[in-house]
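Per chain, numbering begins at 1; letters A, B, ... match sequence-line order. Fair warning: this is a prediction, and the values are worked out from it, not measured in the lab.
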Protein chains: 2
Amino acid sequence: MKVLIVEDDPLHRSYLHEAVNAALPECETVIEAENGTVGEKLARDHKSAHIVMDLQMANRNGIEAARTIWKERPETRILFWSNYSDEAYVRGVSRIVPDGAAYGYVLKSASDERLKLALRSIFIESQCVIDREVRGLQQKSLGQTNGFTDSEYEILVDIALGLTDRAIARRRGLSLRSVQNRLQHLYDKLDVYQSAGDDHEDGRFNLRARAVTVAFLRKLLNYSALERAEAELQEWLDEK
Amino acid sequence: MKVLIVEDDPLHRSYLHEAVNAALPECETVIEAENGTVGEKLARDHKSAHIVMDLQMANRNGIEAARTIWKERPETRILFWSNYSDEAYVRGVSRIVPDGAAYGYVLKSASDERLKLALRSIFIESQCVIDREVRGLQQKSLGQTNGFTDSEYEILVDIALGLTDRAIARRRGLSLRSVQNRLQHLYDKLDVYQSAGDDHEDGRFNLRARAVTVAFLRKLLNYSALERAEAELQEWLDEK
DNA sequence: ACACAAGCTGCGGGTTTACGCAAGACGGCG
DNA sequence: CGCCGTCTTGCGTAAACCCGCAGCTTGTGT
């Protein structure tokens with residue numbers, strides 16, 4: 001068995017290396033990549049079937065890398081090992097995982113034991129292992145309880161990118177009014193009106209901008225989600 | 001000599017611990033804190049004069065912690081050790097460093113040698129050590145070349161928070177028109193008009209929202225800056 | 001088949017933004 | 001002192017945004 005480690009922090013990389021050696025005696029080779037780009041290349045060259053991947057890397061983040069890897073070989077098993085459980089990450093990951101693929105999501109704050117267990121479960125037993133904390137988010141996120149519909153999330157991203165209502169309408173194939181309709185739902189759910197009208201009509205917010213901020217503060221959005229969305233936007237703009 | 005380490009990642013913490021031991025034989029005690037809150041408390045209890053501090057910690061980030069520590073004892077020497085050189089961080093740090101204080105800013109990607117050298121320079125020689133990459137930003141940021149004025153940065157934060165023009169005017173003591181004036185300058189500098197009018201008048205952006213996004217993508221803003229700004233905003237709202 | 005909820009859409013309006021134009025205010029500088 | 005650049009402010013306008021109201025299309029359940 002061969003394992004590929006994709007992680008930009010040298011300390012974490014060598015820690016992972018040791019953990020893999022300890023948890024998987026049947027693994028005879030471990031290779032390392034220090035960013036997503038190199039990770040993709042090595043995965044292709046070695047036809048890696050077992051990958052441990054950091055999200056949030058400078059050069060090319062884990063979600064992007066995982067997407068192209070899975071596109072080439074959907075049966076690849078990937079364990080995401082991340083510092084954060086932002087809803088933006090969780091959503092990003094579950095959006096790209098192929099049907100029936102074995103994968104995992106473990107936080108860096110987890111114990112040695114948990115990490116090693118996850119390594120065996122995923123790589124040997126082909127099970128999915130999702131950190132408890134992450135799991136909670138996932139349920140809320142995909143179910144509708146207090147969570148966001150895909151369409152709401154979509155429009156959130158669109159205004160975060162700075163598109164006008166009209167542009168969003170064109171991009172998503174909707175009428176202007178529908179876009180504004182969805183926006184209203186979004187404002188509701190994000191509770192953007194909060195301290196707006198409490199005193200007088202004084203400290204009112206710009207709803208559109210405020211919504212984006214609140215989403216950021218709630219980890220619904222984060223830098224890497226923005227980055228991806230921006231890339232998709234440019235793509236869409238180019239193809240006219 | 002005593003050194004306090006404030007860093008939330010256990011791996012990085014023990015790495016720092018070793019580095020301090022190796023670089024500073026005259027240091028007889030090293031204490032550790034795993035977040036900003038604990039860091040502040042330990043600094044107070046031990047009257048720490050030498051601190052190595054991570055920015056970006058979950059509980060209370062390095063800038064906040066450093067601010068209160070410096071408020072209590074301005075002669076404290078602090079070495080910031082961070083993964084990123086976002087302009088938002090650099091600006092945040094230089095805003096709170098007291099006059100004549102010795103401090104440093106070293107990236108985690110720096111070599112062992114550089115870290116150890118910095119430790120000695122700051123803690124023993126009371127010099128300021130700023131990573132080259134960071135230094136570049138600082139110059140641009142504080143000088144005006146291609147950088148942002150304080151007033152421009154200020155208004156950027158305000159719209160990022162989601163305030164209306166009117167609210168900003170009230171908060172900053174300006175007229176409505178002046179606020180809009182500053183906004184225009186900001187839009188210019190952020191080059192928000194970019195692909196707006198190239199094809200036709202099609203894919204136009206919502207300037208206000210777009211400005212925030214671009215600032216994020218350029219690392220002019222980041223999560224922790226937003227967080228701080230939000231806290232200040234709430235404070236201002238409370239005191240009426 | 002009928003009722004009901006959820007989402008899309010057009011209409012109309014009140015409010016907020018973006019910004020050109022132009023008149024002061026302030027601070028160097030020869 | 002007068003000239004000039006930067007910053008502030010008021011006025012006015014066109015565009016964008018927020019949203020209540022109401023008619024339509026769906027899908028779902030009993």
Less than 3.5 Å apart, any donor N or O on the side chain of B:Ser151 or B:Arg182 sitting next to an acceptor on the other?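 Short answer, no.
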Pair B:Asp8-B:Asn35, side-chain donor/acceptor within less than 3.5 Å: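 Per modelled atom types, B:Asp8 and B:Asn35 side chains form no pair under 3.5 Å.
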Picking from A:Asn206, A:Leu186, A:Leu207, what satisfies side-chain contact (heavy atoms from CB on, under 4.5 Å) with A:Val192?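 Checked A:Asn206, A:Leu186, A:Leu207 against A:Val192; only one passes side-chain contact (heavy atoms from CB on, under 4.5 Å): A:Leu207.
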Should the pair B:Arg171-B:Glu154 be classified as a salt bridge under the 4.0 Å nitrogen-to-oxygen rule?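 Here B:Arg171 does not pair with B:Glu154 in a salt bridge, since their nearest N and O are not under 4.0 Å apart.
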Closest listed nucleotide, where the reference is the side chain of A:Asn206 and the choices are C:dA18, C:dT17, D:dC11: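 Closest nucleotide among those given: C:dT17.
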Of the listed nucleotides (C:dA18, C:dT17, D:dC18), which one gets closest to any side-chain atom of B:Thr164?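 Among C:dA18, C:dT17, D:dC18, the one nearest the side chain of B:Thr164 is C:dT17.
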Remember a base hit wins even if backbone is also touched, and classify B:Leu176 as base, sugar-phosphate or nothing at under 4.0 Å, heavy atoms.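 Nothing: the residue B:Leu176, judged by heavy atoms under 4.0 Å, touches no strand.
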Specify whether A:Tyr84 and A:Tyr89 have parallel, tilted or perpendicular ring planes, treating 30° as the upper limit for parallel and 60° as the lower limit for perpendicular.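 Ring orientation of A:Tyr84 relative to A:Tyr89: parallel.
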Mind telling me whether A:Trp70 and A:Phe80 have parallel, tilted or perpendicular rings, with 30° and 60° as the class edges?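 The arrangement is perpendicular - the two ring planes meet at more than 60°.
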Carefully, step by step, assess B:Glu72 and B:Arg44 under the rule salt bridge (Lys or Arg N to Asp or Glu O under 4.0 Å). CA-CA 8 Å; B:Glu72 295 174 10; B:Arg44 190 158 27 235; 2.3 Å; yes
Please report, rounded to the nearest Å, how far the [atom2] atom of [N] is from the [atom1] atom of [X].
| X | N | atom1 | atom2 | value |
| --- | --- | --- | --- | --- |
| B:Tyr187 | D:dA15 | OH | P | 18 Å |
| B:Arg210 | C:dT17 | CZ | C1' | 18 Å |
| B:Ile168 | D:dT9 | CD1 | P | 14 Å |
| A:Arg166 | D:dC18 | CZ | C1' | 15 Å |
| B:Arg204 | C:dA18 | CZ | P | 11 Å |
| A:Leu186 | D:dC19 | CG | C1' | 15 Å |
| A:Ile159 | C:dT17 | CD1 | C1' | 16 Å |
| B:Leu207 | D:dA15 | CG | C1' | 11 Å |

Would you say the ring centers of A:Phe216 and B:Phe216 fall short of 6.0 Å from each other?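 Judged by ring-centre distance (under 6.0 Å), A:Phe216 and B:Phe216 do meet the cut-off.
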What I want to check is whether an N or O donor and acceptor connect the side chain of A:Arg177 with the base of D:dG20 at under 3.5 Å.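 Indeed, a donor on one side and an acceptor on the other fall under 3.5 Å apart.
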Tell me if the side-chain of A:Gln180 makes a donor-acceptor pair with the base of D:dC17, cut-off 3.5 Å, by modelled atom types.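 By the distance-only test, no, there is no pair.
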Are any protein N/O atoms closer than 3.5 Å to N/O atoms in nucleotides 5-8 of chain C? If there are, list each pair with its distance.
{"residue": "C:dC8", "atom": "OP1", "partner": "A:Arg182", "partner atom": "NH2", "Å": "2.6"}

Do B:His185 and B:Phe148 come close enough that some side-chain heavy atom pair is under 4.5 Å?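 No; the side chains remain at least 4.5 Å from each other.
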Has A:Tyr193 got a side-chain N or O lying under 4.0 Å from the OP1 or OP2 atom of D:dC18?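 Checking D:dC18 against A:Tyr193, no side-chain N or O comes under 4.0 Å of OP1 or OP2.
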Between the opening five pairs and the closing five pairs of the helix from C:dA1-D:dT30 to C:dG30-D:dC1, how far apart are the helix axes, to 10°?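 That helix gives 30° between its end axes.
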